[in-house]
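Report on the following structure.
Naming convention: chains lettered A, B, ... in sequence-line order (proteins, then strands); numbering from 1 in each chain.
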Amino acid sequence: MLTQIQETLKTLLCSAVEKLYSITMSPTEIVTEFPPRPELGDLAIPVAFELAKRLKATTEKKVNPRQIAEALRQELGKVDGISRFEIAGGGYINAFFDRSTFVTKLNSDIAPGEKFGGKLIVEHTSVNPNKAAHIGHLRNAVLGDTIVRMLKATGEQVEVHNYIDNTGVQVADVVVGLKHIEKKSLSELESIDKFDYYCWDLYARVGRFYEEAPDNKQLRAEVLHALEHGQGEVAELADYVSTRILKCHLKTMQRLDITYDVLPRESEIIKLNFWQTAFEKLKQAGAIYYETEGRNKGCWVMRSEGNKSESEPDEKILVRSNGTVTYTGKDIAYHLWKLGLLELDFNYKVFYTYPNGKQVWITTPELTEDRPGFGKATAYFNVIDVGQSYPQHYVKLGVKLLSSNKQIDKSAHLAYEKVVLTPRSARELGYELGQEDAHRSQISMSGRKGLGVKADDLIDKLEEKALAGVTERNPELPQEKREEIAHILAVGALRYYLLKYTRSSVIAFDFDEALTFEGETGPYIQYALVRIAGIFRKMADIDVSSWLTNVSPEKLTQLLSMKEEATGWDGNYLWSLLHFAAQLNDVLRTAIRSLEPTHLAKYAYQLAARFNEFYNKSAGMPIYKVVAEPDLDKRMLLVLIVDYVRRQLTLALQLLGINVPDRM
RNA sequence: GCACCCGUAGCUCAAUGGAUAGAGCACCAGACUUCGGAUCUGGAUGUUGGGGGUUCGAGUCCCUCCGGGUGCGCCA
């Protein structure tokens with residue numbers, strides 16, 4: 001309903017603006033906001049400020065925004081669903097809704113906004129398959145997964161990729177460790193439990209191994225060389241490592257309800273010569289240059305136009321002087337494929353089946369019959385840490401140079417900042433701080449050093465703590481049920497923790513903060529819904545909808561605006577709660593526009609806080625006792641409000657990938 | 001040296017160029033014969049790092065300085 005009113009007003013204002021000022025605006029250009037205080041109205045439109053600016057620019061005349069607002073108000077006249085307009089402040093047009101109409105038309109549907117259209121590819125997680133995932137990887141996966149949920153909710157077709165760099169240095173290093181430090185054969189690996197943890201430690205040992213003797217690093221080059229050809233014992237070992245670790249990662253992410261559609265591997269990109277085709281296309285399009293002199297002599301490079309200085313042209317090497325292709329080169333080839341610009345396709349096979357039956361596909365070197373139809377997207381979104389902005393810039397530049405499709409321009413690098421450790425959390429992990437680190441406020445996690453909070457460890461701790469709380473409060477529930485609830489709470493706590501920060505904010509990981517269930521946390525929001533569930537357990541067979549069709553608009557309006565001294569009933573207060581609950585769709589649009597799930601997370605928390613406040617209004621003076629309210633109309637309205645809050649809040653949490661228990 | 005990000009309450013963080021800059025944590029004091037206290041109410045904390053500019057309006061945009069982080073690989 002709220003969204004409908006917004007769209008109606010925007011459209012009407014566009015024609016009013018056209019008529020009065022001969023200025024053409026599109027509805028999307030008209031901004032609406034919610035007034036800071038409810039007395040000011042239900043919707044504020046600052047369009048008069050914008051018009052004053054434009055009029056000044058074209059006619060040189062200064063016009064008072066208030067006059068413009070007043071004229072627009074006259075032109076709008078009477079609008080359905082709006083009881084009146086007021087001009088406020090410097091020139092806001094504030095709309096007051098017809099409350100009874102609004103209440104009868106409440107719905108919890110996500111209204112599709114401006115669609116991207118076609119298929120969108122979201123790539124996230126993409127952890128090197130050589131060790132256990134840590135908390136930083138979780139930030140990536142949770143961000144990506146939430147974006148996926150948001151886009152799908154608005155009706156977009158989304159394909160989820162998790163890119164697997166199975167032939168890179170990191171996998172090679174673990175292979176060096178297995179072969180030269182542990183001296184393990186392939187058959188001996190099978191019996192190792194928690195293989196990702198085992199490799200976590202081994203990887204750190206390899207780092208030290210390289211430092212012990214400079215010659216040891218030669219071993220890495222040998223392994224990498226073997227991986228290039230993709231055959232032999234070393235290649236088999238590497239394939240075993242990356243495949244088994246990948247399974248570990250999938251299971252870890254599955255704990256947080258994160259799944260993928262397809263797992264493209266670097267080995268197949270190499271084997272199928274994606275780069276060769278991409279290379280030819282880039283050359284034909286004049287997108288890359290062969291350097292004949294200078295420090296990059298003998299290399300093929302891509303230049304970033306308009307952003308180069310005399311001394312150091314801004315460019316990225318795609319082909320080295322020895323003829324080998326860089327990672328960025330391969331990434332460009334992969335992205336050309338993503339967008340259907342390569343005329344080549346992978347072979348696929350099913351890699352893993354989730355408990356709900358959903359299948360994940362992986363690319364494979366064998367020829368297969370299956371053509372699941374991956375790729376050929378209109379735009380891509382890459383969730384990759386901010387440190388890779390430079391190569392990501394060239395990836396986008398590359399694909400744009402090879403396509404005239406404007407939609408591709410909407411593709412984006414969803415850059416996010418790292419998760420780092422506070423010195424305290426590093427010590428809690430048993431890490432001895434060196435002299436340099438001791439002064440720092442934050443300490444980077446490092447796979448090479450084996451320093452980091454492993455994802456599964458953290459989830460275990462959260463579940464353990466949640467279980468203790470659930471058991472304390474619900475001792476009568478069977479163990480299995482309590483564990484199920486504890487899991488839901490743990491996921492809620494973790495996902496909210498990772499989403500409450502904006503992407504550009506560095507998260508300084510702290511165990512106490514991550515493990516709390518009080519205050520601004522996921523379980524706080526879940527708790528509000530558990531309380532609501534409690535209310536409805538006591539009101540099983542209530543029929544609000546038939547009441548709603550029979551109650552008079554006058555009565556509804558009265559209930560939602562009157563203030564009773566005797567009982568404390570405040571209709572305006574209830575209206576503002578309802579109004580806030582109706583803002584979900586608006587918030588979702590903001591979150592998608594900015595590709596910033598934080599907006600949604602903060603909103604969910606605020607809505608839960610509003611409800612908890614409402615719930616506690618019964619303290620001291622029993623004002624809004626839903627179950628015990630003696631007056632039928634009042635009781636029905638309270639049920640309606642609580643039910644609406646429940647629907648909207650549940651939806652908001654679903655978008656964040658957080659489930660709701662009925663008890664906790 | 002060049003580029004990007006950050007700097008907001010004691011701490012951790014919010015705030016599509018809009019109305020009186022907000023939350024959580026921590027601290028203190030409170031909350032009914034509970035629709036569940038993982039909750040709520042109250043307390044007080046701010047020259048939004050400094051300075052200049054743009055405009056009806058700046059935490060937000062521009063310039064500059066200070067402080068912190070990251071990138072600027074023929075690594076991935």
From C-beta outward on [X], which listed nucleotide comes closest to its side chain: [options]?
X: Y605(A); options: A14(B), G24(B), A38(B); result: G24(B)
X: Y524(A); options: U39(B), G73(B), A19(B); result: U39(B)
X: Y615(A); options: G37(B), A14(B), C74(B); result: G37(B)
X: N612(A); options: A19(B), C13(B), U39(B); result: U39(B)

Establish, with yes or no, whether the OP1 or OP2 oxygen of [N] is under 4.0 angstrom from a side-chain nitrogen or oxygen of [X].
X: T328(A); N: C75(B); result: no
X: R531(A); N: A38(B); result: no
X: R473(A); N: A38(B); result: yes
X: T326(A); N: A76(B); result: no
X: H599(A); N: A15(B); result: yes
X: K625(A); N: C35(B); result: yes

Spacing of the P atoms in U47(B) and G22(B) (rounded, Å):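 To the nearest whole Å, 15 Å.
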Determine the Euclidean distance between corresponding C1' atoms of G50(B) and G59(B); express it in Å to zero decimal places.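 So the two C1' atoms sit 15 Å from each other.
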Output yes when [X] and [Y] qualify as a salt bridge under the 4.0 Å nitrogen-oxygen rule, no when they do not.
X: R265(A); Y: D165(A); value: no
X: E29(A); Y: K10(A); value: no
X: K617(A); Y: D570(A); value: no
X: K481(A); Y: D662(A); value: yes

What about [X], does its side chain sit under 3.5 Å from the base of [N] through a donor-acceptor pair?
X: S321(A); N: C74(B); answer: yes
X: R37(A); N: A19(B); answer: no
X: K316(A); N: G73(B); answer: no

If you count the non-hydrogen atoms of other residues, nucleotides and ligands that lie under 6.0 Å from CD in E33(A), is the total more than 12?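 Yes, enclosed.
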Determine which nucleotide pairs with U45(B), using a 3.5 Å limit on both distances of a Watson-Crick or G-U wobble pair.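 Base partner found: none.
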